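Shown next, in structure tokens, is the structure this report addresses.
What you see is a predicted model; the values in this text were computed from it and never measured.
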Amino acid sequence: MNGQRMLPRKEVVFDVVVVGGGGAGLAAAIEACAAGRSVVLLEKNPELGGSTVWSIGSVSATQTPHQKKRGIIDNPADHWADMPGFAGDLASRDNDELRRILCDEMPATFQWLLDSGVRFMGPMPEPPHRQPRMHNVLPNSRSFIYHLGRRAHRAGVDIRTSMRVTAIVQQEGCITGVDAEGDNGPMRFLARGGVVLAAGDFTNGADFKARFMGPQEAKVEGVNVTATGDGQRMAEALGARIVNGDLALGPEIRFIAPATETLMRRLPPWRWLAVFMEWSLDHLPAALLRPFMMKFLTTALAPSPALFEAGALLVNQRGERFGNELDRPAWRLPDQSDKVGYIVIDQALAQRFSAWPDFVSTAPGIAYAYIPDYRSNRPDVYTEAPTLDALATKLGMSVPALAQSVSSASVRPFGSGPYVALGPVRSVFVHSEGGLVVDTQHRVLGGGDQALPGLYAAGSTGQGGLLLKGHGHHLAWAFVSGRRAGRIAAQAAIAQATAR
């Protein structure tokens, strides 16, 4: 082949092969190992984490110790009944059976997370939930990967990072393993019991977004740039299909992530730190806690649309407005230079968005961030100058272009300085709902809705039409479906061994 000699593909055999090292993949691997099976987890990135580490870290559940401590009487049936309220007009597209599994399994899965070392604050109210069910992880979303990764290592999971799965192996109609590429060349991982796809969504898969959403949406990047729909793509090649591919959270405007993490964000999610934070939230005054919490939160949050409703301007790197800020600006932002923009406000708006009820951004159920918080914690996205000319100069913008943008303000006339620019901001998809069609055993369905023997999917890859609107449901499904898929694949391996 072009004079090049093909490298031999080394084969290794396990009971269960898990593709993806986020929350769903780790849950699947841990549970399959707990059943006494040999398990390998393959992650294409150099580190575990997936989209789980990019999340706020909310998990919604009923009958948790946190609810019981507050005297909240709640149950999975009510949780199941309340979730369609988040979906609104889309509720008819939901998968009621998978929603039932999610709600019924979350109490035990929440306890499983606690047993793994993960700690939470809450629960927080979020209508239309009838009871507070949203629990937020402490100290940050890295805690899930830190503790579950340690649990997987202790259980004996063979974790291989920088290992990209390129194809699913099918022999005589059954899924028997996967082909992968790593630092040491091509490998084939064979699975006695099955392959669990837990490779995330396709928020950064331009081809999927173009097919299901549209050409403009295809230009918008995902928060997790490695979420390219690998699992969906490989399964489609075998006859599987995607449902709800047109649904996603986004495009929405978000601040760029810090180039370097703050010290507070770099803190390892040690149990003692999470326990201390949990105790502090119950016992220390909010005034003492708030500055500490904000150092964790002012990272890549979304600016509130209320900023634009109050008269803030959105300009590109030249200082030019590129449309009405109240008319879907996130859709136009990808067409600007480097796909970034800046939010410009005058002194009056800066003062207004420095205190309740006018906040710049929020982490649901945790805290609100105001202008002073961004000045203190995100100097990389905060620029202040006494005049518009000075602001444009600091940002490398055209002075006449920024002056023209300000003069064209349509909501309200711009007032006096000092002036503030928040940004760069970019347009992103946070997560997509487009998952493979699966049955209640997390088996991937192919032609005629027949299960592809030996192929399972969990998390976003195996969302199966389940609508996960409302905070805390995507992570909840990742852990619930991952645990179940791992157990079921392990049972298939046990059955095969018994039959021999």
Side-chain angles (χ1 to χ4, degrees), residues 20 22-25 27-28 31 50-52 55 58-62 76-110 126 128-129 133-134 196-203 208 212-213 227 229 231-232 235-236 240-250 429-446 449 451-452 455-488:
E31 290 297 279
S51 294
T52 300
S55 68
S58 301
V59 171
S60 288
T62 63
D78 285 349
H79 190 181
W80 182 87
D82 289 349
M83 281 184 65
F86 289 99
D89 294 341
L90 297 172
S92 62
R93 295 174 59 174
D94 200 2
N95 187 317
D96 293 348
E97 290 181 309
L98 296 185
R99 189 170 86 249
R100 179 75 68 185
I101 289 170
L102 169 65
C103 297
D104 286 349
E105 293 283 337
M106 262 315 292
T109 295
F110 190 88
E126 186 185 25
H129 285 307
R133 295 178 183 137
M134 182 174 61
V196 179
L197 296 177
D201 63 24
F202 53 69
T203 46
F208 286 112
F212 290 109
M213 303 176 195
Q232 289 90 330
E236 277 194 314
R241 60 188 177 88
I242 294 169
V243 63
N244 287 343
D246 58 321
L247 303 180
L249 176 54
F429 279 107
V430 181
H431 51 69
S432 62
E433 307 287 320
L436 298 171
V437 177
V438 298
D439 63 14
T440 56
Q441 299 298 297
H442 307 283
R443 297 178 300 182
V444 177
L445 304 184
D449 280 344
L452 294 169
L455 187 60
Y456 306 87
S460 296
T461 309
Q463 197 161 320
L466 177 61
L467 296 182
L468 296 173
K469 294 181 179 295
H471 293 98
H473 290 133
H474 280 88
L475 280 181
W477 179 245
F479 299 129
V480 163
S481 62
R483 293 183 71 209
R484 295 184 87 245
R487 287 197 299 265
I488 293 168

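Side chain of D94 to main chain of D96: no donor-acceptor pair is present (N/O by atom type, distance under 3.5 Å, no hydrogens or angles). A donor-acceptor distance shorter than 3.5 angstrom exists from the side chain of N244 to the backbone of G465, with no hydrogens or angles considered. Looking at Q232, its side chain never comes within 3.5 Å of a backbone N or O of I242 through a donor-acceptor pair.
At least one side-chain heavy atom of E126 sits less than 4.5 Å from a side-chain heavy atom of F86. By the 4.5 Å heavy-atom criterion applied to side chains, V444 and T461 are not counted as neighbours. Residues R133 and D78 meet the side-chain proximity criterion, which asks for heavy atoms closer than 4.5 Å. Counting heavy atoms from C-beta outward, H474 and S55 have side chains that stay 4.5 Å or more apart. Residues L468 and L102 form a side-chain contact, since some pair of their non-hydrogen atoms from C-beta on lies under 4.5 Å apart.
Atom-to-atom distance recorded for L467:CG and L247:CG is 6.5 Å, nearest 0.5 angstrom. Rounded to the nearest 0.5 Å, atoms CG (L436) and OH (Y456) are 15.0 Å apart. Here E433 contributes atom CD and L90 contributes atom CG; the two are 9.5 Å apart, rounded to the nearest 0.5 Å. A distance of 8.0 Å separates OG1 in T440 from CD1 in I488, rounded to the nearest 0.5 Å. For the atom pair S481 OG and R484 CZ, the distance stands at 9.0 Å (nearest 0.5 Å). To the nearest 0.5 Å, atoms CG (D449) and CZ (R241) are separated by 5.0 Å.
In terms of heavy-atom proximity, Q463 sits nearest to L466 at NE2-O, 2.8 Å. Residue A485 comes nearest to A458 through the heavy atom pair CB-CB, 4.2 Å, listed as atom of the first residue, atom of the second, then distance. When all heavy atoms of M213 and G245 are compared, the closest pair comes out as CE-O, 3.5 Å. Among all heavy-atom pairs drawn from V59 and A476, the shortest one is CG1-CB, 4.4 Å.
Residues satisfying the side chain to side chain contact (heavy atoms under 4.5 Å, CB included) criterion with T203, sequence neighbours excluded, are D201, A227, F429, S432. Residues meeting the side-chain hydrogen bond (donor to acceptor under 3.5 Å, both in side chains) test with T52, sequence neighbours left out: none. For the ring pair (Phe, Tyr, Trp, His ring centres under 6.0 Å) test, residues two or more places apart in sequence or in another chain that qualify with F208 are F202.
The six-membered or imidazole ring of H473 lies near that of H79, with a centre-to-centre distance under 6.0 Å.
Counted within 6.0 Å of CD on Q441, heavy atoms from surrounding residues, nucleotides or ligands total more than 12; the atom is thus considered enclosed. Dense packing is recorded around CZ of R93, with more than 12 heavy atoms of other residues, nucleotides or ligands lying under 6.0 Å away.
Side-chain contact check for H129 and H471: no donor-acceptor pair (N or O, by modelled atom type) lies under 3.5 Å.
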Report task. Could you check M106 against T62 for side-chain contact (heavy atoms from CB on, under 4.5 Å), going step by step and ending with a plain yes or no? Result -> CA-CA 7 Å; M106 262 315 292; T62 63; 6.0 Å; no
Requested in this report: In sequence, state the C-alpha distance, the side-chain angles, and the governing distance for C103 and M83, and then conclude on side-chain contact (heavy atoms from CB on, under 4.5 Å).
Outcome: CA-CA 9 Å; C103 297; M83 281 184 65; 3.7 Å; yes
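Between R99 and D82 there is no salt bridge, since none of the side-chain N atoms of the basic residue sits less than 4.0 Å from a carboxylate O of the acidic one.
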